[in-house]
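For reference, the structure is listed below as structure tokens.
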Amino acid sequence: MTTAPGGSRKAKYRQLPHTADLGLRIWGATREELFENAGAALAAVLTDRRRLRLQKTEKIMVEAPDLEALLVAWLNHLLYLYDVDAFLGREYQILALTPQRLSAQARGETYDPERHVARTAVKAATYHHLEIVNLNGGWQATVILDL
Amino acid sequence: MAPQVKLRQVDEYRWEIPREGKMRTRGLIFASQKMISKIQEDQSLQQVANVATLPGIEGASLAMPDIHWGYGFPIGGVAAFNLEEGVVSPGGVGYDINCGVRLLRTNLQRPEVEPSIEELVNTLFRNIPSGLGSRRKDLKLSVPTLHEVMRYGAAWAVKNGYGDKDDLAHIEAQGQISGADPELVSDFAKDRGKDQLGTLGSGNHFVEVGYVLDLYDDDLAYKLGLFRDQITVIVHTGSRGLGHQVCDDYIKVMLKAAQKYGIELPDRQLCCAPLSSPEGKQYLAAMAAAANFAFANRQMITHWVRESCQQVLQMGPKDLGLELVYDVAHNIAKIEEHRVNGKTKKLCVHRKGATRAFPPGHPETPAAYQKTGQPVLIPGDMGRYSFVLVGTEQALTETFGSTCHGAGREMSRHAAMKVAKGRNIVRELAAQGIVVRGAGRGTIDEEISEAYKDVEEVVEVAHGAGISKKVAKLKPLGVIKG
């Protein structure tokens, strides 16, 4: 497992360079944690997550044919919330997870261009080279974002 | 790291991936010797080969000179499928359905605008919402209105006071793709679209005020209404969140459909359905709805460009002469008629990061350009230049009437940020006489010139191979970035 730069704490995610787009590699001890970290990884692409306050809670329910597709659906639902309500989550909690369905809550706030940093806009999470693997008892996902 | 794909040089500008394994046809890439080695560094050639495996593909799996690694289909890819056995794939269009470019000309010469460029850029920035998640607070569409936008496209905008009737004659498909069905667009997509009409968005989208730096063909330029030192405006944006959601929704549909119809996929992102299937038809109707939203979007932004220019330059519309030269889509699938092996056939042509380039005399080339060929607009990066070309007969016979769409990235955004670190890109551009305003500094850094291929090299290949013809080169003076 990769560790966070300068520390022994396990890294939650890492951005992978891709010429036109951006890849995310995400880790989690459990599948639930993997999905939670994926939410955080996406938010970190869009803004500086640390500046988000925990003011609002969004309940989320997503379905897909399998676990990999569920990861894409989850990330795209978070993008939908951002587009519609300008909502960005700082913390994500998976309440229930099966390979076809998840329920979760995201805590964060409405994006405010005055206070928050605009990083990179994301159009969608894609299925290209999408992968979730079991690695040394933990989980690793790779997903490519269309920017 | 990329697996080696067999490649054979055909001539100075053409490279072939021979048909092999599960490929149903060959791959054909337009590129120079210099570009091809760069292209080989990533997986875009494998993607060209992957597209060649899809059922019902006609002609070659094509790639334009700005090809780069996409997801599923390469960016710069063109693929045509027959209506009988062929397929339609949302991934072959992309998330930003009908992302495209329009060019406006003016009656003004550079010295008339240069002194006010900063004010003009600031005014454009104020009047056109841009940046991450940009939305209009003043314009929230009801569902019935949104449906009208998706049905009528640019014509809806004109009818509601955004622009002139004459604009419509200068837009690909008159700014309205037929067969659009808003009922097939999900509520999620409509939610995302309702306050995003008339917004630029982020990433590589922009509005650019520039001038004609150089002409390559005086006669063609004259017929397109272009002259040296003339002020021009380019608008580059697409269908915003609404289009992204339509693509995502239908990829889910197509993942199931591909299984249902027994289509073998080398990459899930290539998922597709037969054009003759309900899923295929539904996607085309939803895609058309999103494409029309994009045409309306660019039409409305044009209206605010006109207003901003009138306001800052204190001139009436007649004196300004801000007329539409043309508006082209570069992420779209279209049903078109083409000659294949001597027979005229209806095909579904996917252009993902590729521009239509129809020749003089083609029925779909607009009346104003019947003698010149359809204008092709190729934006470059914000620091260099953009190009105006026209379509050719060669394009029609060889690439289903298609050509390149832009510079294409050469550097990942990460690498670009690294290169930009510690530099003040806005100031650097200002020193070159280019005023840039962006919603976030990040976007500007990511979009530095060095991150892109030199669009001139891309255009040289398209021109040299004969799939379009150079008319003019435009240089930016002021840019608003998302």
Side-chain angles (χ1 to χ4, degrees), chain A residues 14-24 43-48 62-66 68-88 110-114 116-131 142-147, chain B residues 41-44 47 68-72 75 91 94-96 131-135 188-189 191-196 201-205 238 240-245 247-248 251-252 255-256 259 267-271 353 408-415 417 438-443 446 482:
Chain A
R14 186 159 68 88
Q15 297 185 356
L16 311 169
H18 182 286
T19 320
D21 301 307
L22 180 71
L24 291 178
V45 175
L46 296 164
T47 191
D48 182 347
V62 184
E63 290 181 326
D66 56 63
E68 289 176 343
L70 193 65
L71 179 64
V72 170
W74 160 241
L75 295 177
N76 282 334
H77 190 85
L78 296 175
L79 287 172
Y80 162 81
L81 288 178
Y82 176 65
D83 244 11
V84 173
D85 301 323
F87 174 82
L88 279 176
T110 306
Y111 175 81
D112 174 0
E114 300 292 316
H116 297 132
V117 185
R119 281 194 180 151
T120 305
V122 178
K123 289 186 184 131
T126 76
Y127 297 83
H128 179 57
H129 288 192
L130 172 66
E131 194 182 59
T142 310
V143 58
I144 291 176
L145 307 176
D146 181 23
L147 303 183
Chain B
E41 285 174 17
D42 64 30
Q43 297 178 33
S44 42
Q47 294 188 316
H68 56 273
W69 187 15
Y71 37 88
I75 315 286
Y95 286 90
D96 199 357
L132 197 57
S134 44
R135 59 194 88 237
F188 283 110
D191 282 348
R192 289 176 81 162
K194 66 179 186 283
D195 56 359
Q196 288 189 338
S202 190
N204 58 359
H205 294 159
R240 311 286 288 105
L242 183 138
H244 310 167
Q245 187 72 43
C247 179
D248 185 48
I251 282 179
K252 284 185 219 157
L255 283 170
K256 281 189 198 151
Q259 242 174 3
D267 178 350
R268 285 176 97 175
Q269 193 72 28
L270 289 177
C271 62
R409 286 193 83 89
E410 195 165 71
M411 225 182 248
S412 73
R413 283 167 166 87
H414 268 258
M417 295 289 265
R441 191 179 154 182
T443 339
E446 283 175 7

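Note that these values count all heavy atoms, side chains included, but never hydrogens, waters or copies made by symmetry. Order of the sequence lines sets the chain letters (A, B, ...), proteins ahead of strands, with each chain counted from 1.
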*Flag the pair A:H129 / B:Q43 as yes when at least one side-chain heavy-atom distance between them is below 4.5 Å, and no otherwise.*
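A:H129 vs B:Q43: side chains touch.
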*Can you tell if the side chain of A:V84 reaches within under 4.5 Å of the side chain of B:K194, non-hydrogen atoms only?*
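The answer is yes, as the side chains (C-beta and beyond) meet within the 4.5 Å cut-off.
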If you measure from [atom1] on [X] to [atom2] on [Y], what distance do you get to the nearest 0.5 Å?
| X | Y | atom1 | atom2 | answer |
| --- | --- | --- | --- | --- |
| A:L22 | B:H414 | CG | NE2 | 5.0 Å |
| B:Q245 | A:Y80 | CD | OH | 7.5 Å |
| A:R119 | B:R413 | CZ | CZ | 15.0 Å |
| B:Q269 | A:D146 | CD | CG | 8.5 Å |

_Could you report the tightest heavy-atom contact between A:Y127 and B:D267, atom names first, then the distance?_
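So the two residues come closest at O-OD1, 4.0 Å.
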*Provide the closest heavy-atom pair for A:A125 versus B:Y95 in the form atom of the first, atom of the second, distance.*
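The pair with the smallest heavy-atom distance is O-OH, 3.4 Å.
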*With chain B, which of A:N76, A:L79, A:V72, A:L130 has the greatest number of heavy-atom pairs at distances under 4.5 Å?*
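The candidate making the most pairs under 4.5 Å is A:N76.
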Part of [X] lying under 4.5 Å from any heavy atom of chain A:
| X | result |
| --- | --- |
| B:Q259 | neither |
| B:L255 | side chain |
| B:D191 | both |

*Could you tell me whether A:D66 and B:R268 have a side-chain N and a carboxylate O separated by less than 4.0 Å?*
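Result for this pair is yes, salt bridge flagged.
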*Examine distances only and state if a side-chain atom of A:H128 and a backbone atom of B:G72 form a donor-acceptor pair shorter than 3.5 Å.*
yes
